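Reviewing the structure listed below.
Along the sequence shown, the residues carry numbers beginning at 1. Scope of the values below: all heavy atoms of this structure, side chains included, with no hydrogens, waters or symmetry mates. On a predicted model such as this, the values are computed, not experimentally measured, just so you know.
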Amino acid sequence: MSDQSRPTDSPAISELNQLPDRDREETAEWQASLDAVVRNAGPERAAYLVRRVHEVAARTGVSLPGLLSTDYINTVPAAAQPAFDGDLEMESRITAINRWNAAAMVTRGSHLGLGGHIATYASAAWLYEIGFNHFFRGKDGGGSGDQLFVQGHASPGIYARVFLEGRLTAEQLNGFRREAGGNGLPSYPHPRRLPWLWEFPTVSMGLGPLGAIYQARFNRYLEARGIKDTSASRVWAFLGDGETDEPESMAALTLASREGLDNLTFVVNCNLQRLDGPVRSNSKIVQELESRFRGAGWNVVKTLWGEAWDPLLQQDTSGALVRRLGEVPDAQLQTLAARDASYIRGNFFTGDALAAVAAGLSDAQIVDLFENSRGGHEPLKVYAAYRAAVEHRGAPTVILAQTVKGHTLGSAFESRNASHQMKKLTMQQFREMRDLLDLPVPDSALAGDEVPYWHPGEDSPEVRYLHERRTRLGGPLPSRRVVAKPLPEPPAKPFEALEKGFGNQEVATTMALVRLVKDLMRDKQTGARWVPIVPDEARTFGMESLFPTAGIYSPQGQTYDPVDADQLLYYKESRTGQLIIEGITEAGSVAEFAAAATSYATHGEPMIPFYIFYAMFGFQRTGDQFWALADQLGRGFVVGGTAGRTTMTGEGLQHGDGHSHLLASTNPAVISYDPAFAYEIAVIVRDGLRRMYGERAENIFYYLTVYNEPKHQPPMPAVPGIEEGILRGIYRFRPAEPAAAGPRIQLLSSGTAIHWALRAQELLATEWNVRADVWSVTSWTELRRDAMESDAARMRGEERTPYVTRALSGAPGPVLAVSDWMRQVPDQISQWVEQDYYSLGTDGFGLSDTREDVRRHFQVDAESIVVAALDRLARSGQVAPENVAQARERYGLDR
């Protein structure tokens, strides 16, 4: 459209937004004023004014969308920095000692080929030291203290500080990454390996930030339900800017802001580098993160530049310096930190205004601006940022601290793309580091091949100061403490209800387990400690009856009238609600589970998390988190509801869970069961509560798979030793007719497959004169582990027979195993079964169809079991081969 054809009176912006303009003349005056500023002072000045007006509007309560980013400068200006509560010179000496010992420890290990990481802590040292000296609260004050999610690659610096405190010895530092002997230090924060120190495993990228959010949320949950006062606890999560590319790092930001978790602080070490190079080479990761966090509702505090920049920014009346800082990409900032003054003058201080600024600076000052004067390296700047974070109310805070990766390690390390892979310093580099840090390490100590640790002495001013600061803050951190607090044994009645069976009523095992948990939640002693966690499928699992009784946890309560308020099982949210419905997030649910599952150590309050989910969305989606849960020594019940490939018809290709027990079996902390009947569930859960919450609590968690197909639930058979068999993994459920003659076979089955094995038992007896014993295998994995332990005992010279071998010893005929799982699940025990062993399973991709047709597709239905049984008997000469062909034709398996 030409200019002549355009309408002369285009709609005003307010009209386009469908908002009436009550005073067009006033609006026009504001617009004209802004136009005048643009013409006379430039767009930068206009943008500045608009930002200031926006800030004033926010302070006065005017509702406006928040700004997503601010200038590339510190949030707390120099004039607003709070007074420093400490001895800066003393803390500088302590930090220097920790830098030295961290580098020495990793270098010593690297000479043995063990590896390690130096550069991360070198960049983040002050981020930790300011926290330890001024903000992180310990556990000696009667509360839970603060929870620290330490960046995994920074662990050498934490070990160095703990060594200075006297909680680690030089010998233990020499054991860094040397754990086989039992006395070494794990490479990263691993509670299972160092349970008195570490609380949270964080080196699996992204899981630390996610876990921190749900830890802060769970702290509020405990307080809201009156279980423990956690109001003084703050969660601190340390992560690198490169780590924020992991989806889990950013996955729950809106949860934290939505629930107003001002007990949570993220500290992002923005050294602008990931493992192989710049995080955002052609843009700016700090600005990107600020926008993402602000957009998610977080309070953002940036500490980017050190005090050497303060006078320059005060002189920047034109805004040229601020504009230049905002436009230089990260990769160029990295280069500037590694180049000389001439390069910096020519490539950063461009234009007349900036050249004039640089003219007043010496070459040493120019280099220092980019090499050393970063906000994350200056204690006063970090202190100001932390103070702003802890004083903010109503929202979580993220601190974006700019640093140089490899800071103080020398020019060979600082801001180098390869710094993450560099594992050791030469002795000459240590001499340079000593001089830079002004440490009293004599030349004679550096004359050999091994760099020494430096400790000023237990009664030195540095160590006394360190202990005084930590005493004031409530004791040492990090620190993990477990005070034995066993829970009383739950009443027998809920378990007996399942053990009696359900008569003629058909009940799915998913429903049976949910009923048991609901009954246990009514117990006056331990019922309040159950934490049901559901990723938005509570109705699927028949848990809607908990809505009005237990309530759904919500820190806001229920601010609306539920649409089903007139119904008995209405959707009730409450500040004191017990049920946690996470929404469609298995990752968030496992993070919540981890916080609840380790509450016995974090808060001294054992909780019983019960996380139930669609089985297909379990281990294959959140397996890494389950490893972290095991590492964190979590306890509780993980339940794969509506489990089994053949009972999830209609779900199709992607939603297959035939391998979940295999995945669970790889985790040594997981005790997994595939119960067939309600009474088995009762026995397993009662024993799980004893093992995890009794007098000798174990650091394990349970994985149960339960099914959605209603089936007959018989009473528990009055068979001697049946409970032992259920818990150990196998027992004979229905033997063949003892007086009947004919070939014999043993049918092993787990979960819902036992019903098809029982049907096959009838068909074999009535149509083929074959006698079959049917065994219920409650856990293929526990049988395998017991067998492996027996093998290990034999290697030590002990005589021990695996339980599965003893159970099946002398049983006549071959063994045929069947389940809803892929064949590798029952095949776990094959080498310890003395009989001929064969398995059926659901290998391959899934499909959508009726249950009957899906079972036939995978050949795990009753008729397929019959044919397979006849085939194994034919191979051993116990039935004629033509019987196999006849059965295949009779049951339609030849098509």
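Ring centers of His659 and Phe619: at least 6.0 Å apart, outside the cut-off. In this structure, the ring of Tyr128 has its center no less than 6.0 angstrom from the ring center of Trp236. Tyr188 has its ring centre less than 6.0 Å from the ring centre of His153. Residues Phe637 and Phe610 place their aromatic rings such that the two centres sit no closer than 6.0 Å.
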Salt bridge (charged side-chain N to carboxylate O under 4.0 Å, His left out) between Glu586 and Arg621, intermediate numbers included: CA-CA 8 Å; Glu586 284 76 20; Arg621 177 167 291 194; 3.1 Å; yes

Salt bridge (charged side-chain N to carboxylate O under 4.0 Å, His left out) between Arg220 and Glu259, intermediate numbers included: CA-CA 10 Å; Arg220 291 282 173 85; Glu259 299 202 358; over 6 Å; no

Between Glu698 and Arg635, does the salt bridge (charged side-chain N to carboxylate O under 4.0 Å, His left out) criterion hold? Intermediate values first, please. CA-CA 8 Å; Glu698 300 176 53; Arg635 304 168 184 169; over 6 Å; no

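Side chains of Ser233 and Asn219: no donor on one and acceptor on the other come within 3.5 Å. Inspection of the Tyr703 and Ser660 side chains reveals an N or O donor paired with an N or O acceptor under 3.5 Å. Looking only at atom types and distance, the side chain of Asn708 has no donor-acceptor partner in the side chain of Tyr614 under 3.5 Å away. Donor-acceptor pairing under 3.5 Å is lacking for the side chains of Thr120 and Asn269. For the 3.5 Å distance criterion, the side chains of Thr705 and His661 qualify, holding a donor opposite an acceptor. Side-chain atoms of Thr622 and Gln625 form no donor-acceptor pair, as typed in the model, at a separation below 3.5 Å. Side-chain contact annotation: Lys139 with Ser479, donor-acceptor N/O pair under 3.5 Å absent. Side-chain contact check for Tyr221 and Arg225: at least one donor-acceptor pair (N or O, by modelled atom type) lies under 3.5 Å. Counted by atom type alone, Tyr611 and Glu592 present zero donor-acceptor pairs between their side chains at under 3.5 Å.
Taking CG of Leu207 as the start and CD of Gln632 as the end, the distance is 10.5 Å to the nearest 0.5 Å. The OG atom of Ser291 lies 5.0 Å from the CG atom of Leu68; values are rounded to the nearest 0.5 Å. Taking CG from Asp241 and NZ from Lys284, the interatomic distance works out to 12.0 Å, rounded to the nearest 0.5 Å. Note that the CG atom of Leu264 and the CG atom of Asn299 stand 11.5 Å from one another [nearest 0.5 Å]. Residue Glu605 holds its CD atom at 6.5 Å from OG of Ser599, rounded to the nearest 0.5 Å.
Note on Arg292 versus Glu288: salt bridge recorded, some NZ/NE/NH1/NH2 to OD/OE distance being below 4.0 Å.
Relative ring orientation between Phe626 and Phe613 is described as tilted, the plane-to-plane angle lying within the 30° to 60° band. Between Tyr702 and Tyr673, the angle of the ring planes stays under 30°, which puts this pair in the parallel group of the 30/60° scheme. Relative ring orientation between Phe135 and Tyr383 is described as tilted, the plane-to-plane angle lying within the 30° to 60° band.
Residues Gln402 and Leu333 have side chains in contact (heavy-atom distance under 4.5 Å, counting atoms from C-beta outward). Between Pro201 and Pro191 the shortest side-chain heavy-atom distance falls below 4.5 Å. The closest side-chain heavy-atom distance from Val267 to Phe238 is below 4.5 Å. Tyr214 has its side chain within reach of Leu255: a pair of non-hydrogen atoms, C-beta onward, lies under 4.5 Å apart.
Side-chain atoms of Gln556 come within 3.5 Å of backbone atoms of Arg258 as a donor-acceptor pair (strictly under, hydrogens ignored).
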